[in-house]
Amino acid sequence: MVESHRNISTCSFFCLRCHISYSLFLYLLLDILRFLLYSWLFVLNSTLALTVYFCRKKSKELDSRVEELQSSLRSSLQKCSAERQGRIRAQQALRKELAQSKSESVEQTSYPMTPIGVVQSCFSTRNGTPRQPLLVPLARACLVFNPTRVPTASLEGLADYTHCWIIYVFHLNTDLEKLWRQPTRSKFKAKVRVPRLKGRRIGVFATRSPHRPCPIGLTVAKVEAIHGNIVLLSGVDLVDGTPILDVKPYLPYCDSIPGAAVPKWVMMDDMLAVASVSFSDDFPTAITNCWKSVEKKSLYASPQEFQCLVKEVLSWDIRSVSQRTQPHDAIFPERNGETKTSESDGAPDSDSHHSEEEEAETETGLHPSDKVIYHLILEGIDVSYRIESSGKVVVEKAMVSSNTPPGSHKRCNYLMWKDGLSVGL
């Protein structure tokens with residue numbers, strides 16, 4: 001009995017100890033979990049605090065940078081505004097000064113202009129260049145713009161027009177330098193001889209003579225194609241090397257004036273037209289031989305198309321008034337040891353591109369017109385022809401001209417434009 005009671009007490013004590021140990025273990029585990037929880041919360045709070053700190057610091061840096069950029073932008077805008085106002089004031093002052101100078105002396109005012117491009121034309125010399133535009137549809141030229149002054153984007157939209165106006169300088173006038181540097185001593189002539197009036201003189205402003213107080217020309221041409229900073233034109237009346245001042249689109253609704261009146265002599269085209277144009281039997285062969293030398297720098301597809309150009313040009317009498325009334329010899333007498341040949345360079349007609357000095361030279365030696373051999377230089381080919389008394393033009397020979405235009409090795413050619421051109425045969 002006593003033993004049994006002892007065993008029960010031992011078991012109870014053991015169970016109590018186990019319960020106490022388990023309780024202590026649970027308290028200890030809870031303490032460990034609490035410690036871990038508090039530690040995690042501490043780390044989390046620390047991380048959040050650091051994150052907020054750095055975010056605020058970065059935000060302040062960004063705000064400071066934004067303020068600097070805004071300040072820099074405001075400063076740049078103020079400078080641009082000040083510069084613009086300065087330019088406006090300078091322009092106003094310049095216009096005021098020019099106006100004052102003009103009121104004091106009109107001749108002291110000048111507006112210097114720099115060409116924006118140059119023409120590469122089929123007309124190698126002044127002789128043969130049509131007196132008016134569009135008279136020779138096959139007459140082609142390339143207008144090459146100066147890329148340093150005219151960006152390619154300036155030509156966007158021009159291809160949508162069929163024709164354009166071209167403002168240029170009569171750069172081959174012999175009195176050009178004197179006219180610009182010493183205008184009061186240029187001895188400008190108020191009247192010029194008109195081919196359609198058989199040499200009768202008329203006021204220069206009633207004509208389109210190149211010999212003008214301001215040697216600026218205006219012409220219209222067909223826009224064939226545009227490639228980069230180069231415009232291909234046709235129907236031109238521009239000599240090779242002509243400086244270009246400006247190009248404007250042709251607008252039929254305002255540039256064409258229905259019912260516009262002109263003098264009767266302007267409509268007398270039959271006086272300058274020839275009876276017919278024929279070619280000698282040897283001419284096609286001569287053109288083919290010349291073509292080998294000029295093909296790579298020509299704006300024409302073949303010798304046959306070039307022959308069509310010659311026919312169109314010579315369909316009009318390109319001689320000056322003095323040459324038609326007093327035909328000169330094909331070979332001039334020796335002058336200073338040199339023998340000169342006629343190239344049909346005539347007098348300063350109202351619509352021609354010739355000079356008075358050339359007229360004086362061409363009046364040496366008079367012969368019947370059907371005996372005189374004239375010369376026409378196109379695309380670097382010297383074409384010789386004669387005009388019979390009946391008005392018929394006979395084209396006889398062709399040879400490569402010795403007068404090669406400057407920069408001919410960089411000239412445009414037909415291969416650049418063959419996709420946009422139809423061969424004129």
Side-chain angles (χ1 to χ4, degrees), residues 121-133 135-136 139 170 172-174 192-202 207-211 236-240 265-266 268-280 283 309-332 340-378 381-398 401 403:
S121 173
C122 64
F123 298 105
S124 303
T125 62
R126 287 175 291 186
N127 171 49
T129 304
R131 290 183 169 90
Q132 300 296 340
L135 291 181
V136 181
F170 289 108
L172 295 182
N173 284 7
T174 55
V192 294
R193 292 187 295 176
V194 180
R196 290 179 175 85
L197 293 179
K198 298 181 179 180
R200 185 165 66 87
R201 295 182 180 273
I202 197 169
T207 72
R208 293 191 174 185
S209 169
H211 303 278
V236 300
D237 60 344
L238 301 171
V239 69
D240 191 68
W265 59 265
V266 175
M268 299 170 61
D269 288 338
D270 56 332
M271 291 190 61
L272 299 179
V274 301
S276 64
V277 178
S278 60
F279 297 87
S280 66
F283 186 79
L309 169 67
V310 174
K311 185 173 183 179
E312 286 188 3
V313 173
L314 294 181
S315 295
W316 301 89
D317 194 343
I318 62 176
R319 298 175 300 172
S320 66
V321 174
S322 63
Q323 289 174 332
R324 289 197 300 273
T325 56
Q326 298 177 341
H328 57 275
D329 197 357
I331 303 296
F332 292 107
K340 294 189 176 183
T341 60
S342 163
E343 292 186 357
S344 299
D345 289 337
D349 302 337
S350 68
D351 297 329
S352 73
H353 300 265
H354 310 309
S355 65
E356 290 186 348
E357 289 81 353
E358 291 167 335
E359 176 189 9
E361 290 183 353
T362 58
E363 292 180 351
T364 305
L366 304 182
H367 292 272
S369 60
D370 56 353
K371 301 295 184 181
V372 178
I373 301 298
Y374 299 97
H375 292 266
L376 168 67
I377 301 179
L378 298 173
I381 297 179
D382 188 344
V383 178
S384 59
Y385 67 97
R386 57 186 174 85
I387 301 180
E388 298 179 349
S389 56
S390 60
K392 296 181 180 180
V393 175
V394 180
V395 184
E396 296 187 341
K397 298 179 182 179
S401 173
N403 297 325

Legend entry - Donor-acceptor pair, side chain of D382 and main chain of H375, under 3.5 angstrom: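 Side chain of D382 to backbone of H375, a donor-acceptor pair under 3.5 Å: no, none is there.
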Inset, instruction - Determine yes or no for a side-chain-to-main-chain donor-acceptor pair under 3.5 angstrom, with S121 supplying the side chain and L238 the backbone. - result: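 Judged by distance alone, yes, a pair lies under 3.5 Å.
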Atom pair [atom1]/[atom2] of [X] and [Y] - distance to nearest 0.5 Å:
| X | Y | atom1 | atom2 | value |
| --- | --- | --- | --- | --- |
| D317 | R131 | CG | CZ | 7.0 Å |
| L197 | I202 | CG | CD1 | 6.0 Å |
| R126 | N173 | CZ | CG | 7.5 Å |
| L376 | T125 | CG | OG1 | 7.0 Å |

Inset, instruction - Could you walk me through whether V310 and Y385 pass side chain to side chain contact (heavy atoms under 4.5 Å, CB included), step by step? - result: CA-CA 10 Å; V310 174; Y385 67 97; over 6 Å; no
Legend entry - Trace of the side chain to side chain contact (heavy atoms under 4.5 Å, CB included) decision for D237 with L135: CA-CA 8 Å; D237 60 344; L135 291 181; over 6 Å; no
Heavy-atom pair of closest approach, residues [X] and [Y]:
| X | Y | result |
| --- | --- | --- |
| P133 | R208 | CD-NH1, 4.4 Å |
| F170 | S209 | CE1-O, 4.5 Å |
| A398 | F283 | CB-CE1, 3.7 Å |
| A275 | S390 | CB-O, 3.8 Å |

Side chains of [X] and [Y], heavy atoms from C-beta outward: is any pair under 4.5 Å?
| X | Y | result |
| --- | --- | --- |
| S315 | V277 | yes |
| F123 | L378 | yes |
| Y374 | I318 | no |

Inset, instruction - Just jot down the side chain to side chain contact (heavy atoms under 4.5 Å, CB included) partners of K397, sequence neighbours excluded, or say none. - result: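 Result, side chain to side chain contact (heavy atoms under 4.5 Å, CB included) vs K397: S384.
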Legend entry - Identified side chain to side chain contact (heavy atoms under 4.5 Å, CB included) partner of L314 from the options I387, V136, L309, V393: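 Answer to the side chain to side chain contact (heavy atoms under 4.5 Å, CB included) test with L314 among I387, V136, L309, V393: V393.
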